[in-house]
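Counting convention: from 1, in listed order, for ligands and their atoms alike. The figures here come from the full heavy-atom set of this structure, side chains too, leaving out hydrogens, waters and symmetry mates. Index from 1, following the sequence.
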Amino acid sequence: MTTILAQLTDALASGQITVVDLTQPLGPQTPVIGLPPIFAPSPGFSSEVISHYDEKGPAWYWSTIHLGEHTGTHFDAPVHWITGKDLPDNTLDTIPARRLIGPACVIDIHREAAADPDFLLMPEHILAWEAEYGRIPAGAWVLLRTDWSQRQTAEEFLNVGPDGPHTPGPHLSAVELLVSRDVLGFGVETVGTDAGRAGMFEPPFPCHTLMHGAGKYGLASLCNLDRLPPTGALVIAAPLKIVDGSGSPVRVLALTPG
Ligand code: MN
């Protein structure tokens with residue numbers, strides 16, 4: 001093991017392994033998912049300076065932060081959804097640390113999503129990916145590349161029309177296939193792991209419903225997925241260890257070859 005870790009250290013130092021940051025900046029401008037007004041909204045990020053090398057703290061700068069757990073690039077724990085509420089190890093403080101690291105399978109639908117913002121990942125897309133790159137291994141993060149993170153404004157990113165949001169995501173049948181592969185979780189570049197239209201699907205929000213019901217995790221608002229190979233990257237996604245936490249902002253790192 002020492003040898004393997006020494007090799008990893010050397011590979012990082014020499015650039016044979018690159019660290020790709022899959023995380024969006026987190027600040028007051030970070031877009032937050034909108035819900036119908038009958039539901040409670042989740043607040044975006046705000047902060048307040050405690051001291052800034054001043055009379056409140058002459059040598060130190062620090063702030064308080066206030067935000068919903070599911071703000072910006074963030075992690076969804078199984079307890080986030082009612083289907084996962086009674087599972088073991090379903091909160092941020094009980095998820096085993098080993099499960100915060102896994103290989104990445106990157107499925108690229110960025111062209112389809114550019115042509116149709118309501119594009120849905122279907123089982124045939126996953127099976128075609130597997131025909132080319134091999135079966136998705138158990139314990140893998142499946143990451144959906146849409147290039148949605150490259151949209152510059154919150155308006156473009158959330159893409160809300162008069163009838164609600166329009167963003168790509170997985171079809172129920174694709175989620176069923178991913179659960180059958182025993183993935184670690186599903187990650188997306190959009191504001192949530194379900195498609196914008198998914199509130200009207202049957203069942204509503206199939207990715208949240210099935211993934212979390214199966215003890216799987218979610219990653220939302222990722223970026224730089226265009227810098228990852230289809231296979232071969234290792235993702236580290238370690239959320240805050242909030243007691244009974246349903247999710248948290250997370251710094252997601254990918255180790256990639258070359
Ligand atoms: Mn979430």
- Message: Same cluster or not: Phe205 versus Trp148, using hydrophobic residues (I, L, V, M, F, W, Y) connected whenever any side-chain heavy atoms lie under 4.5 Å apart?
- Response: no
- Identify whether the distance between the nearest side-chain nitrogen and carboxylate oxygen of Asp182 and Lys216 falls below 4.0 Å. yes
- Pull up every protein N/O/S atom sitting under 2.8 Å from the Mn ion (ligand 1), skipping waters. His70 ND1, His74 NE2, Asp76 OD1
- Using 30° and 60° as the class limits, which term best fits the ring planes of Phe75 and Trp141: parallel, tilted or perpendicular? perpendicular
- Task: Would you please name every residue forming a side-chain contact (heavy atoms from CB on, under 4.5 Å) with Val19, sequence neighbours left out?
- Result: Leu12, Leu253, Leu255
- Message: Checking Glu155 against Thr153: is there a side-chain donor and acceptor pair closer than 3.5 Å?
- Response: no
- Query: Are side-chain N/O atoms of Asn159 and His166 paired as donor and acceptor at under 3.5 Å?
  - Reply: no
